[in-house]
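Letters go in sequence order (proteins before strands), and every chain restarts at 1.
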There are 2 protein chains.
Amino acid sequence: MAPAAPRASKPQASVWLSGGARDGRRRKSSQQPVGLDHGKIVRTTVQLLDANGLQNFSMRRLAAELGVTPMSVYWYVDNKDDLLEYALDEVFAEIPLQAAETGGDWRDAVREFATSYRRTLATHPWASRLMGEYANVGPKSVAFSTAAHRVMRRSGLAPEHIPGALAAVYQFVYGYGTVEGRWTELCRSTGTSEDDLFREMAGAVRDRPEYGELGPIIDQRMEGPVAQYRERDFGFALECVIAGIEAMRGRAPHA
Amino acid sequence: MAPAAPRASKPQASVWLSGGARDGRRRKSSQQPVGLDHGKIVRTTVQLLDANGLQNFSMRRLAAELGVTPMSVYWYVDNKDDLLEYALDEVFAEIPLQAAETGGDWRDAVREFATSYRRTLATHPWASRLMGEYANVGPKSVAFSTAAHRVMRRSGLAPEHIPGALAAVYQFVYGYGTVEGRWTELCRSTGTSEDDLFREMAGAVRDRPEYGELGPIIDQRMEGPVAQYRERDFGFALECVIAGIEAMRGRAPHA
DNA sequence: ACCTGAACACCGTTCAAGT
DNA sequence: ACCTGAACACCGTTCAAGT
């Protein structure tokens, strides 16, 4: 019954709430040879996560990759959770934010943001997982949220509706990117092509009598390459959400 | 560089694709005393996951809870991943599906489904995590998808747009429910009330100069209880998506 | 200041054996 | 058919120690 957590004392909500990154250790170096530092550790972490996935990442593997004893890393980072939170924030830097500045159509800016965010999620499946784990209040992550917020304010929506609209867009993209990332990871780890794996899964599902109703729909999706349907569906869904925001803008503000 | 996975040989895409549950072991029992079975194992797994979370779940803890040696469980289940996939499917049974049958307004049915799905996600944060991990092709899960599909077909959307519309609704709900679950879990594990934790995080974020722009927005959100804003935002976002589907229905079908 | 080594309390799972 | 025991190859992390 008692949790009896094997981890450290009391869980903190986020690294960013308890002092944040402490790279400012003054790297005089020259005394000891190794040359580790916070940035290098985080960068290598991201590399390993991209290459082998979250399941195969460990502090010991990281240390090995850095050519160092497992415990060395702990001088720069309090624990594994904190390190992963740093790595997660790093990935948000990939999303370009200029579209928030140029005063163009807010819908185009939303499309741009959504597309980049989706690509980041699909490219780094581990990040998608960690976003569901941590508070997401690192600097890069907050910069993204701020920019997204700025864009949405150009939509003409009442202020109290902005958070809801943001959720409609970005929680959708998060969900979509998450399953996309899981899917490509599955293809990679089973060594199957996207289309073959889809066919395999479709076959297994269709065999079960209780799912008969989905048969025709699945068959329809097997006509073209899966990737193409993924694009089409994402595009249509995104346009739904944007059109919905516009439609809601015209309704009574305090429904 | 080489993955060198510590897990079993080659990863399978899903339990449900390789024979599925094999409870039919014929439980003559009476010879050995223990009385384990597939159902009991999965139910206990769900209980433990609800009580202690995914991080604190282990095969050894499960065995202890069942009053049994760790390896006993392996007679009923191939490995931990498979067991978690069974547990995940179980949770979909919570979502009532009648709304798909009654011929009422499709928008009301979507609202019902979205609300139940959200509640399930928020109630079982571990499930939300596992949905991002597995293929989600268990019987209960597929029953839910089928029902959701049936509802969406009543929207009047062109067939090729149904999957996109489904994604807009349910990927959004998935994202929203996921962060909700993580949030309530965080509150529980840090032993802080929702509103206190929000205040704490808001304070930490506002201290950082680069985020100045978000200050007023955050302040606005601290006026009422956080839970209330969560409801408002979810509601508005869902109405956006529904309104968007209706708006798209009127546009050129093959954009 | 920066890094190592040994040790602790955990994991999931294989394999051979008991009844 | 069902369950146990011992063992293997891993974990994250503490703590005391080296330079």
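- For Trp75(A), the listed nucleotide lying nearest its side chain is dC2(C); candidates were dC2(C), dG5(C), dC3(D).
- Note: CD1 (Ile41(B)) to C1' (dC3(D)) measures 11 Å, nearest angstrom.
- Taking atom CG on Asn52(A) and atom P on dC10(D), their separation rounds to 14 Å, with Å as the unit.
- Closest contact between the side chain of Met59(B) and the listed nucleotides dG12(C), dT4(C), dC3(D) involves dG12(C).
- Arg61(A) places its CZ atom 12 Å from the C1' atom of dA9(D), with the value rounded to the nearest Å.
- Formation of a donor-acceptor pair under 3.5 Å by the Tyr117(A) side chain with backbone atoms of Tyr170(A) is not found in this model.
- At least one side-chain heavy atom of Ile95(B) sits under 4.5 Å from a side-chain heavy atom of Phe92(B).
- Residue Met71(A) places its side chain closer to dT14(D) than to any other of dT4(D), dT14(D), dC11(D).
- Remark: P of dC11(C) and CG of Leu54(B) are 13 Å apart, rounded to the nearest angstrom.
- Using N1 to N3 plus N6-O4 or O6-N4 for Watson-Crick, or N1-O2 and O6-N3 for G-U wobble, each under 3.5 Å, dA1(C) pairs with dT19(D).
- Side-chain atoms of Ser193(B) come within 3.5 Å of backbone N or O of Asp196(B) as a donor-acceptor pair.
- For the pair Asn56(A) CG and dG12(C) P, the computed distance is 16 Å after rounding to whole Å.
- Closest approach to the Arg60(A) side chain among dT4(D), dT4(C), dG12(D) is made by dG12(D) (side chain taken as heavy atoms from C-beta onward).
- At the phosphate of dC3(D), neither OP1 nor OP2 sits under 4.0 Å from any side-chain N or O atom of Tyr74(B).
- Ser58(A) comes within 4.0 angstrom of the backbone, heavy atoms only, and of no base.
- Summarising the geometry, the separation between OH on Tyr76(A) and C1' on dT4(C) is reported as 13 Å, rounded to the nearest angstrom.
- Phe57(B) approaches Lys80(B) most closely through the heavy-atom pair O-NZ, 3.5 Å.
- Remark: aromatic rings of Phe234(B) and Tyr229(B) are distant, center separation not under 6.0 Å.
- Out of dT13(C), dT4(C), dG12(D), the shortest distance to the side chain of Thr69(A) is found at dT4(C).
- Pairing partner, dA7(D): dT13(C), with both Watson-Crick or wobble hydrogen-bond distances short of 3.5 Å.
- Between Gln55(A) atom CD and dG12(D) atom P the separation is 12 Å, expressed in whole Å.
- Here the P atom of nucleotide dT13(D) and the CG atom of Leu62(A) are 12 Å apart, to the nearest Å.
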